[in-house]
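One structure is given here, and the rest of the page talks about it.
Each chain gets a letter, A, B and so on, in the order the sequences are listed, and its residues count up from 1. It should be emphasised that the depicted structure is a prediction, and the values quoted were computed from it without experimental measurement.
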There are 2 protein chains.
Amino acid sequence: MRVRCTECPLRTRPAFVPKSEVEIEYINSLKRDHIRVAAGTDIIHPGQEDAEVYTLFAGWAFRYQELPDGRRQILNFLLPGDLIGLQSSLLDPAEHGVEALTAVELCVHPRNRLLQVFGDMPKLAYELTWLGAREQSIVDDNLTTVGQRGAAERVAAFIYTLYRRADVLGLVTKNSFLFPVNQTHIGDALGMSLVHTNKTIARLKRLGFFSIPNGSIVIHDPEGLARFAQYEQDDLAPRPII
Amino acid sequence: MRVRCTECPLRTRPAFVPKSEVEIEYINSLKRDHIRVAAGTDIIHPGQEDAEVYTLFAGWAFRYQELPDGRRQILNFLLPGDLIGLQSSLLDPAEHGVEALTAVELCVHPRNRLLQVFGDMPKLAYELTWLGAREQSIVDDNLTTVGQRGAAERVAAFIYTLYRRADVLGLVTKNSFLFPVNQTHIGDALGMSLVHTNKTIARLKRLGFFSIPNGSIVIHDPEGLARFAQYEQDDLAPRPII
DNA sequence: CGCTTGTTTGATTTGAATCAAACACGGTGG
DNA sequence: CCACCGTGTTTGATTCAAATCAAACAAGCG
């Protein structure tokens with residue numbers, strides 16, 4: 001059940017920068033637990049005061065924020081290797097929630113050792129900050145998508161970026177990957193109604209960009225999708241994994 | 001012209017956490033220059049490879065992102081004390097630009113000493129990360145605003161948050177502060193057209209929430225504005241200033 | 001004075017929300 | 001085994017909010 005960081009199957013992926021034995025051993029000493037969480041569970045509640053820091057080991061999750069009247073904005077989706085709760089640990093209480101989209105496995109790092117990491121391992125602390133900056137740049141992109149793109153472009157950009165992120169993780173085979181996101185999620189992420197989300201997806205399918213057969217998505221034309229979305233393709237740099 | 005950090009008039013403001021002599025002295029040793037930039041100038045160009053880290057000493061700026069066809073999303077506005085370019089220094093090239101909204105004064109910190117800070121002063125590095133998390137939480141809020149709120153709510157939330165931020169900096173006198181943002185900026189920040197932005201602002205003025213006499217804004221009813229915007233009032237925690 | 005930059009206004013069109021059902025499905029319990 | 005849910009997707013009709021189009025207007029400036 002508990003996976004030692006030295007044997008972590010994730011970190012061998014090309015998406016991640018290789019780390020020294022010493023570093024990995026230190027990270028392993030940070031890891032307090034390895035837990036499983038069912039789909040639909042909050043990993044961090046909005047307003048929580050004592051959120052820990054997690055690394056998403058397996059499965060998908062998403063960050064979200066809610067308005068008093070119940071409207072929900074999904075801020076970002078989280079894939080394996082992504083850090084969860086850095087922001088909430090620093091700025092508590094957490095002003096957003098994190099929910100498991102699928103069943104999920106998490107490496108648990110105690111938040112109270114965060115400051116200590118900065119003293120012990122400056123390089124690791126630097127990488128934590130780097131991961132925070134990367135997360136921010138994803139949200140920046142989402143804001144640009146929601147603020148500037150029309151409905152069809154939005155969906156296209158959304159699908160395309162998930163495709164790219166899944167791809168560098170090695171989750172994509174023959175342009176296809178497991179796609180646990182439903183249309184309500186997509187609507188909440190893109191700031192559009194469920195009905196309109198559905199019709200827009202249908203349109204893009206009809207245009208031949210992708211299809212979504214039972215729980216998977218197949219991207220038939222990644223380049224066309226990116227062009228359609230006015231998406232500037234940047235290469236995803238390999239990132240640290242804590 | 002050059003202001004020593006030990007005599008920095010900004011850091012005495014209640015918006016900021018007090019720091020020890022030693023820390024301030026270290027920050028001062030980091031400061032390479034103090035520069036002035038005219039309104040409308042890019043402090044960081046989109047795509048720039050060697051962005052430095054700055055602290056905004058005086059004036060307003062904003063972060064933005066552009067689509068290939070010229071549409072612009074303003075991601076966030078920056079006020080005195082805010083850090084500029086942390087994200088761009090870590091993840092270069094910068095995927096966003098930063099433009100001076102007014103004439104601006106900046107403290108320049110050389111980006112190549114960033115890693116060194118992590119080794120020298122863990123606490124300071126921690127605070128850098130903290131500032132990054134804070135910046136992110138502002139963008140999170142903006143995304144929720146643009147994704148979930150209607151036009152009038154958006155403008156209300158926008159004005160209200162700027163009011164709060166200006167207030168803790170001591171920039172507000174009798175509910176009024178200098179307001180260098182024009183309607184094009186507001187539209188680009190909120191993802192709405194110029195015309196509609198104008199009409200929405202007019203509506204809120206008519207409702208008596210605020211007025212904008214020559215370059216200043218007066219908030220007649222802050223609480224009402226926050227309620228109208230469905231904005232959860234959280235107290236702005238004092239923050240570090242680097 | 002004519003220019004530019006920013007604001008305001010009215011008329012028209014359009015994209016997206018809303019309303020209202022139906023449908024497809026996998027699961028479950030009678 | 002089949003009727004009955006619940007969750008998620010799909011469809012069509014209607015309304016509404018926001019974009020677009022087109023000007024006019026105000027203020028500051030060389």
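Atom NZ of B:Lys199 is separated from atom C1' of D:dA19 by 10 Å (rounded to the nearest Å). Rounded to an integer number of Å, the gap from A:Ile212 CD1 to D:dG8 P is 14 Å. The CG-P distance, from B:Leu194 to D:dA23, rounds to 17 Å in whole Å. When the P atom of C:dA17 is taken as reference, atom CD of B:Gln148 falls 10 Å away, rounded to whole Å. Atom-to-atom, CG of A:Asp188 to P of C:dA16 comes out at 17 Å; the value is rounded to the nearest Å. The interatomic distance linking A:Arg203 (CZ) with D:dT11 (C1') rounds to 16 Å, in whole Å. The nearest whole Å value for the distance from the CD1 atom in A:Ile186 to the C1' atom in D:dT10 is 14 Å. One atom, NE2 of B:His196, and another, P of D:dC21, lie 16 Å apart when rounded to the nearest Å.
Side chains of B:Glu105 and B:His34: a donor on one and an acceptor on the other come within 3.5 Å. When only modelled atom types and interatomic distance are considered, B:Asp82 and B:Tyr54 share no side-chain donor-acceptor pair under 3.5 Å. Counted by atom type alone, A:Gln183 and A:Thr197 present zero donor-acceptor pairs between their side chains at under 3.5 Å.
Other residues, nucleotides and ligands contribute only 12 or fewer heavy atoms inside 6.0 Å of the CZ atom of A:Arg227.
When heavy atoms are screened at a 4.0 angstrom cut-off, A:Gly191 is found touching the sugar-phosphate backbone but no base atom.
A close approach under 4.0 Å does not occur between any side-chain nitrogen or oxygen of B:Lys205 and OP1 or OP2 of C:dT7. A close approach under 4.0 Å does not occur between any side-chain nitrogen or oxygen of B:Gln183 and OP1 or OP2 of C:dT5. Taking only side-chain nitrogens and oxygens, B:Asn198 never comes nearer than 4.0 Å to OP1 or OP2 of C:dT7.
Side chain of B:Gln73 to backbone of B:Ala189: a donor-acceptor contact under 3.5 angstrom is found.
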Which atoms of nucleotides 24-28 of chain C (N or O only) lie under 3.5 Å from a protein N or O atom, and what are those distances?
none

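In this structure, B:Phe228 and B:Phe209 have tilted ring planes: the angle between them lies in the 30° to 60° band.
Ranking C:dG6, C:dA17, C:dA20 by closeness to the B:Asn182 side chain, first place goes to C:dG6. The side chain of A:Met192 approaches C:dA17 more closely than any other nucleotide in the set C:dA17, C:dC19, C:dT9.
The ring pair (Phe, Tyr, Trp, His ring centres under 6.0 Å) test applied to B:Tyr163 returns no partner, not counting sequence neighbours.
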